[in-house]
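Basis for what follows: all heavy atoms, side chains included, without hydrogens, waters or symmetry-related copies. Here the structure is a predicted model, which is why all the values come from computation and not from measurement. Both counts, for ligands and for their atoms, begin at 1 and track the order of listing.
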Amino acid sequence: MSERAEIFEVGPRDGLQNEARAIPVADKIALIDCLSRAGFRRIEVASFVSPRWVPQMASSAEVLAGITRAPGVSYAALTPNMRGLEDALAARADEVAIFGSASEGFSRANINASIEESLARFAPVASAARAAGLPVRGYVSCVTDCPYDGPVAPEQAARVAGALRDLGCYEISLGDTLGQGAPERVGAMLDAVLEVVPADRLAGHFHDTAGRALENIEVSLGRGLRVFDAAVGGLGGCPYAPGAAGNVATGAVAERLAALGFETGLDREVIAEAARMARAMREG
Ligand code: HMG
Ligand code: MG
């Protein structure tokens, strides 16, 4: 029997947040409803951030209200602060995520706070979410490279990953936000993080600007990671990481994992259908 690996679908959030055109809520819902048939256990569909900062995500509550929830699927939302958490609870998100950065420059550009300030802001969000029975995921952005500060030391990623673990995050997703991480540097970063957080509580989140995301997934598999974030159709980018491309495409990750002997439980026909929808949304 082959070993399991999981793809955490982030297309409806990370994929769409960067689209300049206001995508109709009905189209977002249709995409999520399609993805709900693909076999994912977790799909990130919403982001309760300031609509001034990320206008595309302003419809998150309507999206969560409109989707048909498939049994066994956890519909996740980003929550940068208490206001975001309150909105996520009201919209009945199944889990939430706090998102920090390994680099100061990106932390300030993305959430208008230093790393220390952001961790202080996340602490009540994480404890209130857990008190409400919601699992909390953590992201560390810029684990190898920052668009503002340049190369990031592996110890920086490890420190923030450890801090998010201490706040009660059940899993910490390591973000190559710029998608420029070379496999050797990703390996060195993972070695430092693994000193602090075990592999079964880590996920890899690779954008694919330099086309090396699949190699970085293989490096991560070699170090014991079994969860990878991906966006259907390779949609996206981060509005506060200039020049960064989309997440690695879900279909490509599913294919590579299968070729390496990992079972994802995903229906690749449905993923192909969702990728067509995602591309049509991008083209307007
Ligand atoms: P701030 O300006 O410091 O916050 O922004 P503030 O508390 O002073 O509030 C400013 C305004 O925002 C106020 O409104 C608040 O009401 C409003 P105004 O009086 O100006 O009209 N506000 C909110 N509105 C809705 N929902 C909220 C909320 N909070 C405040 N939750 C803040 C701080 C965090 C809010 C802002 O910086 C922000 O929204 N940043 C989000 C940026 C973002 O979403 N980036 C993309 C996601 S991260 C990512 O993509 C990386 C990841 O994929 C991993 C990887 O690839 O590395 C996860
Ligand atoms: Mg991302």
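Of the protein's heavy atoms, at least one falls inside 4.0 Å of atom 2 (O) of ligand 1. At a distance under 4.0 Å, a protein heavy atom can be found next to atom 29 (N) of ligand 1. Counting only heavy atoms, the protein gets under 4.0 Å from atom 55 (C) of ligand 1. Protein heavy atoms all stay at least 4.0 Å away from atom 13 (C) of ligand 1. Distance check on atom 8 (O) of ligand 1: every protein heavy atom falls at or beyond the 4.0 Å cut-off.
Aromatic ring orientation, His205 versus Tyr139: perpendicular (interplanar angle above 60°, classes split at 30° and 60°).
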(request) Show your working on side chain to side chain donor-acceptor pair (under 3.5 Å) between Tyr240 and Thr177 and close with a plain yes or no. (result) CA-CA 10 Å; Tyr240 295 97; Thr177 317; over 6 Å; no

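With distances taken over non-hydrogen atoms, the option nearest atom 23 (C) of ligand 1 out of His207, Met82, Arg83 is Arg83. With Asn110, Val49, Asp87 as candidates, the residue nearest to atom 25 (C) of ligand 1 on a non-hydrogen basis is Val49.
When non-hydrogen atoms are compared, ligand 1 lies under 4.0 Å from neither the backbone nor the side chain of Thr79.
Counting heavy atoms from C-beta on, the side chains of Leu257 and Ile7 come closer than 4.5 Å. Contact annotation: the side chain of Val197 never approaches that of Leu164 to less than 4.5 Å [non-hydrogen atoms, C-beta and beyond]. Inter-residue side-chain proximity for Arg165 and Val196 is flagged as met; some heavy-atom pair is nearer than 4.5 Å.
For residue Asp14, an N/O/S atom approaches the Mg ion (ligand 2) to within less than 2.8 Å.
A heavy-atom separation below 4.0 Å is not found between Met57 and ligand 1. Using a non-hydrogen distance threshold of 4.0 Å, Ala97 does not register as a contact of ligand 1.
A salt bridge is absent between Lys28 and Glu62; no separation between the charged side-chain nitrogens and carboxylate oxygens falls under 4.0 Å.
Within a 6.0 Å sphere centred on CD of Glu269, other residues, nucleotides and ligands contribute 12 heavy atoms or fewer.
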